[in-house]
Amino acid sequence: MRIVRLPRKSALEQLNKTLEAAIESALRTAQHDGDLPQFEIPRIPVSPPKRAGQGDWAYPAMGLARLARKSPLDIARLIVDRLPMLDFAGKTEVAPPGFINCTIADDYLRKQIDAILAAGQSFFRLDIGAGKRAQVEFVSANPSGPITIGHSRNAVVGDAMARLLEAAGYAVQREYYYNNAGNQMIILGKSLQLRTLQELGEDAPLPADHYQGEYLVDIARDLVAERGESLRGENWRFFKDAAEQVMFRWIKRSLAAINIQHDAFFNETSLFESEQIWSVLDAMRENGHVYQAAHWEGADADEIADVRAKGYEPAVWFRSSSFGDEKDRVMVKSDGVPTYTLPDIAYHADKLRRGFDIAVNVLGTDHFSQAAVVEYGIRALGMEPAPIEVIFLQMVRAVRWNEGLGEFEAVKQSKRAGEFDTLDDLVAMTSADAVRYHMLARSPNSQLDFDVDQVVKQSNENPVYYIQNAYVRCAGIFREAAERGICDTDADLSLLGESELRFVRKALEIGNVIEQAVRHYEPQKIAFFAQELAGVFHPIYDEVRVLHSEVPAETAKARLRFYRAAKAIFRYLLDLMGMSAPERM
RNA sequence: GCCUCUGUAGCUCAGCGGACAGAGCACCGGUCUUCUAAACCGAUGGUCGCAGGUUCGAGUCCUGCCAGGGGCGCCA
């Protein structure tokens with residue numbers, strides 16, 4: 001009989017692999033003994049069962065029935081009889097219709113408590129990203145206005161993804177891509193100029209296509225306070241730069257309020273200045289994917305007639321249709337100005353050249369077709385787009401229940417005309433933690449109605465408080481314990497009961513959750529998990545007392561040690577979600 | 001016209017091809033001389049939108065419908 005040693009890191013996923021290997025080896029032994037016919041053993045993963053009493057892992061032997069020409073129950077028994085000793089495994093049972101159920105050894109769970117406390121925040125860190133670099137590009141709003149509610153979801157999801165990648169072992173860079181050169185920025189500058197002139201007492205009406213937002217009035221007022229009459233002589237460029245500066249300060253402050261900071265800011269303009277867009281275009285041309293024409297090669301009669309009617313001169317086209325696009329795309333307009341497609345391709349090519357193993361891009365679904373065109377462009381350059389992964393976010397809106405209508409309706413925060421819903425408004429209405437949690441706790445491809453009343457409710461109706469309260473309750477125990485002079489040195493963890501071990505068991509899933517979140521780009525998984533873990537915690541807190549007259553001193557010590565680990569675990573999860581861990585509420 | 005997402009309890013949502021489909025809320029009934037009850041315990045509640053298919057096994061995969069949301073299309 002062989003002894004399979006425990007992997008050094010003890011995330012459940014690694015135990016899964018070990019158990020799977022042990023089962024496979026048992027099957028081989030059975031084949032070797034002649035109890036099972038020879039067949040190639042398919043990989044059937046072990047998985048956590050759905051209900052209690054079915055152990056911690058389930059292996060469905062039903063999948064082998066046909067190959068082995070035996071009943072699933074018989075196969076399961078054959079495996080169990082030949083299973084090597086596993087020092088983390090407890091009971092192993094066979095259950096109809098052919099499951100093998102295996103539990104984690106209690107002793108193993110107890111050891112994890114000390115292991116968690118010894119390793120601290122690094123306990124759950126995975127090595128799947130060790131030595132690899134990842135980039136998350138998110139928010140990427142142009143500095144023409146404040147961060148909106150839509151951007152907020154992007155910000156939260158992007159930052160959570162970055163934190164999860166870090167937890168998985170990647171070196172992560174957070175990047176913000178923006179364009180301050182377009183027509184919109186010129187209009188922004190001119191809008192600020194007009195607002196400034198208004199502040200100086202001139203009759204300078206703001207055209208309808210200019211920025212109506214009241215925030216420009218605030219900026220104008222500040223400018224006037226600082227520079228006064230001398231502003232009359234400045235042109236729109238001055239105001240554009242001024243507006244941009246203030247906007248970026250504002251954007252960064254708004255993001256910082258929900259615990260988000262970017263490492264790098266990439267300006268689209270730099271791609272023009274470095275002439276990268278032209279070298280990218282040349283490379284695509286050399287590869288034969290670019291042509292000049294008045295209309296695209298596959299245009300039908302209607303399109304050609306339309307082009308003639310508009311009198312377009314020849315433009316530079318990218319033959320994206322040869323990569324699967326429904327039509328070709330213009331890269332450089334007939335007036336010589338590139339469309340947004342060219343810099344987008346150049347930017348992503350630049351990103352790939354910087355050598356990231358993973359480059360996550362968080363985008364709204366309005367970028368769906370554009371993202372595909374960028375991918376075709378990368379292929380046209382002869383580059384491999386595989387490292388680029390896009391998380392598409394569906395719409396988000398802030399809503400409030402309308403009792404009269406009997407339905408949710410969108411919150412129109414605009415106290416002042418022209419102002420839209422901003423992240424700042426949202427945080428003011430709710431809280432940074434509520435925004436972080438609720439913006440995260442939904443699949444990116446589901447639409448999200450952010451209920452501004454629900455998210456601040458202080459009950460277990462609201463996961464924000466429910467999760468944080470688990471941490472607060474732990475903290476409370478330690479405050480009280482310190483006052484009474486009770487500590488947990490030399491705690492004997494064999495005094496812990498079934499409930500405490502149930503919590504540890506659940507907590508050990510964190511590694512799996514992180515891995516799954518990272519592999520499938522589903523950062524919301526961690527939010528759901530945190531709520532589940534809190535749901536395991538609260539009944540235990542109720543039942544398993546530390547500082548109670550009927551609890552023996554040694555038991556109290558052991559329990560205190562348990563709560564120390566629980567506290568560390570909730571702290572870790574809250575950090576992972578960018579939320580605060582309050583000591584009291 | 002094309003693309004995309006969603007449809008699971010009254011509501012908001014989980015659910016990696018596996019065992020009797022889960023949680024919170026709401027509703028009903030309980031629990032504070034014990035580390036804060038912002039909590040806990042219990043009960044009620046389901047033809048997983050519909051129809052086929054693949055599979056030993058489908059809420060999960062495939063196809064087609066139905067319903068609802070969002071986007072793109074026009075050299076922006």
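Chain letters run A, B, ... following the sequence lines, proteins first, then strands; residues in each count from 1.
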**Student:** Give the B/S/- string for nucleotides 16-21 of chain B, one per nucleotide from 5' to 3', where a protein heavy atom under 4.0 Å of the base yields B, of only the sugar-phosphate yields S, and otherwise -.
**Tutor:** B-BBB-
**Student:** With A:His151, which residues qualify under side chain to side chain donor-acceptor pair (under 3.5 Å), at least two apart?
**Tutor:**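 A:His151 satisfies side chain to side chain donor-acceptor pair (under 3.5 Å) with A:Thr148 once adjacent residues are dropped.
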**Student:** Scan residues 545-563 of chain A against RNA chain B and write down, sorted by residue number, each residue with any heavy atom closer than 4.0 Å; if none is found, say none.
**Tutor:**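 By residue number: A:Arg545, A:Val546, A:Leu547, A:His548.
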**Student:** Base, sugar-phosphate alone, or nothing: which one does A:Phe478 contact when heavy atoms must sit under 4.0 Å apart?
**Tutor:**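 Nothing, no nucleic acid heavy atom in range.
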**Student:** Along nucleotides 1-6 of chain B, 5' to 3', which nucleotides get a B, which get an S, and which get a -, given that the test is a protein heavy-atom distance under 4.0 Å?
**Tutor:** -SSSSS
**Student:** With a cut-off of 3.5 Å and sequence neighbours excluded, list every side-chain donor-acceptor pair involving residues 337-345 of chain A.
**Tutor:**
from: A:Thr339; atom 1: OG1; to: A:Val330; atom 2: O; distance (Å): 2.8
from: A:Thr339; atom 1: OG1; to: A:Thr341; atom 2: N; distance (Å): 3.3
from: A:Asp344; atom 1: OD2; to: A:Gln370; atom 2: NE2; distance (Å): 3.1

**Student:** Under the salt bridge (Lys or Arg N to Asp or Glu O under 4.0 Å) test, which residues partner A:Arg285, sequence neighbours left out?
**Tutor:**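 Testing A:Arg285 for salt bridge (Lys or Arg N to Asp or Glu O under 4.0 Å), a comparison that skips the adjacent residues, returns A:Asp282.
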**Student:** Given pairs defined as Watson-Crick or G-U wobble with both distances under 3.5 Å, what dot-bracket annotation applies to RNA chain B, with ( ) intrastrand, [ ] crossing, | other strand and . unpaired?
**Tutor:** (((((((..((((....[...))))..((((.......))))......(((((..]....))))))))))))....
**Student:** Does any pair with a residue in residues 538-547 of chain A pass side-chain hydrogen bond (donor to acceptor under 3.5 Å, both in side chains), and if so which ones, sequence neighbours excluded?
**Tutor:**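 Applying side-chain hydrogen bond (donor to acceptor under 3.5 Å, both in side chains) to every pair that reaches into residues 538-547 of chain A, excluding sequence neighbours, yields A:Arg473-A:His538, A:Ser499-A:Glu543.
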**Student:** If the condition is salt bridge (Lys or Arg N to Asp or Glu O under 4.0 Å), which residues does A:Lys525 pass it with, not counting sequence neighbours?
**Tutor:**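 In terms of salt bridge (Lys or Arg N to Asp or Glu O under 4.0 Å), with neighbours along the sequence ignored, A:Lys525 is linked to A:Glu522.
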**Student:** Can you sort out the partners of A:Arg77 under salt bridge (Lys or Arg N to Asp or Glu O under 4.0 Å), two or more places apart, ordered by chain and number?
**Tutor:**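 Residues passing salt bridge (Lys or Arg N to Asp or Glu O under 4.0 Å) with A:Arg77: A:Asp74.
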**Student:** Which part of the nucleic acid does A:Gln184 contact within heavy-atom distance under 4.0 Å: base, sugar-phosphate only, or nothing?
**Tutor:**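 Answer is nothing: A:Gln184 stays at 4.0 Å or more from every strand.
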**Student:** Could you list, one pair per line, each protein nitrogen or oxygen that sits under 3.5 Å from a nitrogen or oxygen of nucleotides 31-33 of chain B, together with the distance?
**Tutor:**
none

**Student:** Classify A:Arg329 by what it touches in the nucleic acid, base, sugar-phosphate, or nothing, heavy-atom distance under 4.0 Å.
**Tutor:**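 Nothing: the residue A:Arg329, judged by heavy atoms under 4.0 Å, touches no strand.
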**Student:** Distance check: side-chain N/O of A:Lys310 vs OP1/OP2 of B:rC75, anything under 4.0 Å?
**Tutor:**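 Yes, such a contact exists.
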**Student:** Would you please name every residue forming a salt bridge (Lys or Arg N to Asp or Glu O under 4.0 Å) with A:Glu583, sequence neighbours left out?
**Tutor:**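 Scan of A:Glu583 (salt bridge (Lys or Arg N to Asp or Glu O under 4.0 Å), adjacent residues dropped) gives A:Lys567.
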